[in-house]
Every structure is written in structure tokens, then in C-alpha cells.
Q: 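I am attaching a structure below and will ask some questions about it afterwards.
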Amino acid sequence: MGDLDSWHQRYSFQGHALALDENIYEIRREKLKKIEALGQPAYPRKFNFSHTVPQILSEYGGQTAEELESPRVTVRMAGRIMAIRLMGKAGFAHLQQDGQRLQIYVKKDAVGEAGFELWKLLDLGDHIGIRGYLFRTRTGELSIHAEELTFLSKDLLPLPEKWHGLQDVELRYRQRYVDLVMNPEVRAVFLKRSKLVQSLRRYFDGHGFVEVETPMMHPIAGGAVARPFKTHHNTLDMDLFLRIAPELYLKRLTVGGFDRVYEINRNFRNEGISMRHNPEFTMLEAYQAYTDYLGILDTTQGAIERAVEDVTGGTRTKWGEDEIDWSHGNWRRMTMREAIAKFWPEKAGAAPMREDFASHESVRELVMRVRAAAVDVGYDPAEPAGKTIAALFEAVAEEHLVQPTVIYEFPTAVSPLSKQKPDEPDWTERFEMFAGKMEIANGFSELNDPEDQRRRFEGQLRERERGDEEAHQMDEDYIRALSYGMPPAGGVGVGIDRLAMLFTDSHTIRDVILFPQLRPEKTSTAEGTGDTKGK
RNA sequence: GGGCGCGUAGCUCAAUUGGCAGAGCAACUGACUCUUAAUCAGUAGGUUGUAGGUUCGAUUCCUACCGCGCUCACCA
């Protein structure tokens, strides 16, 4: 028990911040000592079980009391005590495992003196193993009649209140383990997220894509428009950036001969945190050689349609007050210019024509008309017209894109890595997918002309000098790679967190990330800069 | 970063115009061999986020700070 003492000392140092309840903690430690005195190890190594809780519920849930009697079914099972009712020389408890619960019945006559002593020392939250036979109580609930109890692990800190559970949003995120124990719907969300990733892997593997892992630490943060996190490598004495996208490395791999390649992993962007943004988020990026943006679009749409079915078993998902229909026939496709015209606010006059997007002056005119209709659009006269058009799209159209929608043909000014349209150099072969008013994917015909790429980087450098911190830097090695010849390819990035939100009707990204980024917990450390609450 | 809101027992929440800080659950003691929000009797648990200010008196009013939520900006 010496270990336990020092463990407790160490953690009680941080006192209030870890929400240690001294009384309950001490009382339960004493109980643990008593349990050891009964001959049960405080932290045993293993427990052999014959069934899990869900297995018993599904195999025997339909059997009557009589069927369970002849012949008797003896099981060994483990779980966490989530409810406990003691009544003198007998009692009931509910054990939880895999998010499901099964009742056990413990009677002094059946478990013996020592077994019943153990039973009386158990608390809510403890893990135990049980051997016993199945039966139905007078009220008909399938239960295990205990013949032997095995202590498995003690819960020294009290679980939240049993009716309301854990509701404090901050505590739910900070102590996700408690959230998962108390709230089965939270568990369900993360099981769905797991299925989503599994489904996407299966789809891309099945379509001949090779999964790879490329660097997360980049000397130059490229492949997206975003501000990076900076870190430093001591031995190399060099600054590195956490990647904002794997794009440029995956494209190097297409140069190297991986014609179909994908990666599912984290990107890091040093920007605001919101309902839809976490500093680290998970992205699937895929590159497919010998096709263009429309080819990779079909691949991506197929993956998402497959994933909806794998995750939800159907093609429709609830999204707040709306229902999103992911079936193939319900996807819309329109160009960015068509979308702006289609959702053009009435008060802004006649919808723009194609030629209205052609010149700086006519685009400026569109902004003024939209602003007159009380729609806020960011506008900087010095920025390229393409940037303004993209801002117009976001202001006018994005909020209407609840059903799955593909927007294609993006301005070249906001698409430094994609191929231009052959007949319209101001526009690129690029698409984005939207659902639930959120961008969920972004793909294009990959620019593979090294000289064009160099000119685009130089254009970005000018944007940088103009004060755009997010504009691309020059990446000489990437241009060198392209100079060895990259096959024509379509590429795409899919926001996994956003898809998980859409598939689970979660309206904040924090509900689909197990440990979302929060400010550090206020805590007095062992160095003791602050309050140790009189200890 | 700006605006709005919230912070009271381990958890979920009360507290009248500024006037003794409370309840349920959890915990502890006792009773109870088919309960399930078990029940019954009793006990304990708080520097009301932190630091100041106004006041005879502050959970309540004011200021700053910390944390969280919503929202706007930026972004995917």
C-alpha cells in the first residue's frame, strides 16, 4: 500500500484543480485496504470472462424465466458498477460494459460471508467480476444471480450524479473519460466516427489507393491557406512548422509513382477556435493520377455516399431542424458563378451575369450592390478580383447549402495549386463540397507545370508582402519535384471532423473530437505557485 | 481579438428589494434477503471562481482578472 500512499500524496498536491474530494477519496482508500484484507488484490491482473454484457443481453434477452432455469446458464462477466442498492443481507447492482447495463443480484446465502463483506465494501464506479447464473427477477428483469464476486478496480473519485449525469460542458471535454462513462450517446458518437474512418479506408483501399504517412513537421508550411504553428528542432537547430496540409508531400509521391495515394491524419492551423474549428483536425487527402477534378470528385462523392450508409445504415441524416439526403440523385452541382447568381439577394437587384465577374470594376459593383442589400462582404480594393468573388460566394450562397452540393470553378487567385480552365485562365478546375452549410471537401485538377507553379508561388509572395500572412511561401523542392514530371492528377481533401458532425447531428466540432483543445486547466503545481488549499 | 451571458457542496440546481447559504443525488452511521430514481431514521459536507471596492451588512451592486458558453471576425 506504500505505492498508493505516495500516489495520493502526489495528486492531492494539485488539490482542488483535480476535483479531489478528500473525504470520499480517503474513505474509499480505507475500503480498498479492507478489500485487500479480505484476500482480494487491490489491483488484480486479469479476469477471465465467458460473456460481455451486450452478449448476454442479445443471447438471453428473449428467454423466459423458465427457459433460463433448465438448464441453468452460468456466466462470468465483468463491468463497472453504475447503480447499487443494498438491502441488509442482499442487494442489486447494475454493471456497465460497452455502454450497456445488466443487473446482478447478490445474496449473502449465495456468495458466503467473505463474498458479502466484499459486496458491502463496493462503491459506485468500482469494477468487479461476477460468476453466477442467469435468472429473471420478480419484475422480469434479466439478471445474474451472483455466486462469486471478484474485485477488479476501485473508483476513488465519485462519479457524477446518477440522474442528470455530467452536464457541465467544460468538465465533459476536460474529463472525457467521465463523460464517456456517464453519457451513452457520447460513446455512440465516437463509435460512429470510428466507423466513418473505417469506411473511408475500406473505400480508398478498395479503389487501389495506397495509404501513406507523410511528415507532420514541415520546414515550409504549404499546401493550404492558413497560419501554422511553429516549433524548433534542437539538434538540427532549425525552426519547423506543424503541417497545415499534407498536399505537397502527397503530390511529391505521385511524382514518385504512387498513382493513387491517400493519407488520413491531423492538420494543424494556428487560427481561431469555433464551433467548426479545432486547432488540430483530421483530414483525408487523396490523389488520383490520370484524372482531373471531375474524376476525383466522383471518387470522393462515392466515398461519402458509401460512408453514410456504413455509418448510419441509410442515406438520410438529421441535421438540427433539417434532414440531409445523401442519396446520389440529391447531390447538386453548380459553378461558383451560378451559385452566386442563384442565391443573389433580391434587394441587390438583378442577378449577376457571367461578364459581371470578368473585371475588377464590375466585381466591385457587385460588392456594392450586395452591401446595399445589407449583406456583409469583406472587400479590399487592392486584392485580386478573384478573392472578392470568393468572398461574395461565401456571403451570398454558403448559408443555403444544406443539402449536398458541389460548387466548382474557383477563381485562380484563391487556388494557387490548381490547374486553370483552358479557356478561362482566371478560373480553375476546382470544386468544394458543401453540406449542412459547411465546407466538407476541396479538390482540384492538380497543377503540375513547374513553371506555372513558380509563377503562382511568386504571386502568393506578393500577397504575403501585401500583408496576407496566410499566403503561400516559395517551396523550391516542391517545384524541383514537379520538374521531374508529375502525372496529371485530381486531388481532394475531406474534413473528417465535419463529416462526423454531419453524420451524428453534432453542431459543434468539440462533440466529435475526444479531447478538444481547451485552455490549460488552472492548477497549482507541485512547485507551488498558488493555492494548495491549506494542505 | 470584439460583444453578450454564466461561475453557489463531489454532481444537478435553489436562495424574495442587499439581511442567518439551502434541496435532491452522491458520501457516512444504523435498519432491511427481489430492488431498480429502493425505502426509512440520523450525520457530515461551503473562504458562493479570484482580488479589490461600495455598504452597518454582499451569493446579490461596481471594477479588474481567471475559466467556460454563445456570437462576430479569421479559417476548413
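Numbered from 1 within each chain, the chains take letters A, B, ... in sequence-line order.
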Q: Nearest to the side chain of A:Pro158, which nucleotide is it out of B:rU33, B:rA76, B:rA26?
A: B:rA26

Q: Would you say the side chain of A:Glu141 and the base of B:rU35 hold a donor-acceptor pair, judged only by whether the two atoms sit under 3.5 Å apart?
A: no

Q: What would the secondary structure line of RNA chain B be in dot-bracket form, counting Watson-Crick and G-U wobble pairs under 3.5 Å, with [ ] for pairs that cross earlier ones and | for pairs with another strand?
A: (((((((..((((.....[..)))).(((((.......))))).....(((((..]....))))))))))))....

Q: How would you label the contact of A:Phe135 with the nucleic acid (heavy atoms, under 4.0 Å): base, sugar-phosphate, or nothing?
A: base

Q: Classify the ring geometry between A:Phe229 and A:Phe268 as parallel (under 30°), tilted (30 to 60°) or perpendicular (over 60°).
A: perpendicular

Q: Please give, in whole Å, the distance from B:rC32 C1' to A:Leu86 CG?
A: 10 Å

Q: Less than 4.0 angstrom between a side-chain N/O of A:Arg85 and OP1 or OP2 of B:rU35, yes or no?
A: no

Q: Testing the basics here: between A:Gln96 and A:Met82, what is the closest heavy-atom pair and its distance to 0.1 Å?
A: CB-CG, 3.3 Å

Q: Give a yes or no on this: more than 12 heavy atoms of other residues, nucleotides or ligands lie within 6.0 Å of atom CE of A:Met217.
A: no

Q: Rounding to the closest angstrom, what is the interatomic distance between B:rU16 and B:rA51 at atom C1'?
A: 29 Å

Q: Using a 3.5 Å distance criterion without hydrogens, assess whether the side chain of A:Arg332 forms a donor-acceptor pair with backbone atoms of A:Thr405.
A: no

Q: Could you label the plane-to-plane angle of the A:Trp319 and A:His507 rings as parallel, tilted or perpendicular, counting under 30° as parallel and over 60° as perpendicular?
A: parallel

Q: Nearest to the side chain of A:Ile24, which nucleotide is it out of B:rA27, B:rC28, B:rU33?
A: B:rA27

Q: Round to the nearest Å and state the distance from A:Arg276 atom CZ to B:rC70 atom C1'.
A: 12 Å

Q: On RNA chain B, check which nucleotide each of A:Lys107 and A:Asn442 is closest to and give me the residue with the more 5' one.
A: A:Lys107

Q: Nearest to the side chain of A:Glu439, which nucleotide is it out of B:rA38, B:rA76, B:rG67?
A: B:rA76

Q: Is the A:Phe241-A:His218 ring centre distance short of 6.0 angstrom?
A: no

Q: Could you work out the separation of B:rG45 and B:rA9 based on their P atoms and round it to a whole Å?
A: 15 Å

Q: Distance check, C1' atoms only: B:rU60 and B:rG18, in whole angstrom units.
A: 6 Å

Q: So what does A:Arg227 touch, heavy atoms closer than 4.0 Å: a base, only the sugar-phosphate, or nothing?
A: nothing

Q: Using atom P of each nucleotide, how far apart are B:rA44 and B:rC32 to the nearest Å?
A: 24 Å

Q: Under 4.0 angstrom, heavy atoms only, what part of the nucleic acid is A:Met275 near: base, sugar-phosphate, or nothing?
A: sugar-phosphate

Q: Rounded to whole Å, please give me the gap between CZ in A:Arg266 and C1' in B:rA76.
A: 15 Å

Q: Choosing from B:rA27, B:rC34, B:rC68, which nucleotide comes nearest the side chain of A:Arg174?
A: B:rC68

Q: Nearest to the side chain of A:His164, heavy atoms from C-beta on, is which of B:rU12, B:rC68, B:rU35?
A: B:rU12

Q: Give the nucleotide from the list B:rC68, B:rU12, B:rA76 with an atom nearest to the side chain of A:Arg498.
A: B:rA76

Q: Counting only heavy atoms not in A:Arg276, do more than 12 sit closer than 6.0 Å to its CZ atom?
A: no

Q: Name the closest nucleotide to the A:Leu166 side chain, picking from B:rU12, B:rC74, B:rG67.
A: B:rU12

Q: Would A:Trp427 and A:Ile389 count as a side chain to side chain contact (heavy atoms under 4.5 Å, CB included) here? Give the steps.
A: CA-CA 11 Å; A:Trp427 295 86; A:Ile389 295 169; 3.8 Å; yes

Q: Base, sugar-phosphate, or nothing for A:Glu432, non-hydrogen atoms under 4.0 angstrom?
A: nothing

Q: What is the distance, to the nearest angstrom, from the CD atom on A:Glu247 to the P atom on B:rA76?
A: 12 Å

Q: Counting side-chain heavy atoms from C-beta on, which of B:rC13, B:rC11, B:rA76 comes nearest to A:Leu171?
A: B:rC11

Q: Can you work out whether A:Leu124 or A:Arg136 has the more 5'-proximal nearest nucleotide on RNA chain B?
A: A:Leu124

Q: Is A:Gln167 near enough to B:rC13 that one of its side-chain N or O atoms lies under 4.0 angstrom from OP1 or OP2?
A: yes

Q: Please state the C1' separation for the pair B:rA58 and B:rG49 - nearest whole angstrom.
A: 16 Å

Q: How close or far is atom C1' of B:rA73 from atom CD of A:Glu394, stated in whole angstroms?
A: 13 Å

Q: What interatomic distance, in whole Å, is found between C1' of B:rC61 and the corresponding atom of B:rU71?
A: 27 Å

Q: Pick base, sugar-phosphate or nothing for A:Asn278, based on heavy-atom distances below 4.0 Å to the nucleic acid.
A: base

Q: Expressed as a whole number of Å, how far does the P atom of B:rU59 sit from that of B:rU47?
A: 13 Å

Q: Under 4.0 Å from OP1 or OP2 of B:rG24: is there any side-chain N or O of A:Lys162 that close?
A: no

Q: Which part of the nucleic acid, if any, lies within reach of A:Gly165 when heavy atoms closer than 4.0 Å are counted: base, sugar-phosphate only, or nothing?
A: sugar-phosphate

Q: State whether the number of non-hydrogen atoms from other residues, nucleotides or ligands found under 6.0 Å of A:Arg266 atom CZ is greater than 12.
A: no

Q: Is the CD atom of A:Glu213 crowded by more than 12 outside heavy atoms at less than 6.0 Å?
A: no

Q: For A:Met283 and B:rA76, what is the distance between atoms CE and P respectively, to the nearest whole Å?
A: 9 Å

Q: NZ of A:Lys89 versus C1' of B:rC32: gap in Å, rounded?
A: 8 Å

Q: So is the aromatic ring of A:Phe281 stacked onto the base of B:rA76, judging by whether the centres are under 5.5 Å apart and the planes are under 30° apart?
A: yes

Q: Taking the same atom, C1', in B:rA37 and in B:rA76, what whole-Å distance lies between them?
A: 44 Å

Q: Would you kindly give the OH-to-P distance between A:Tyr105 and B:rC34, to the nearest whole Å?
A: 5 Å

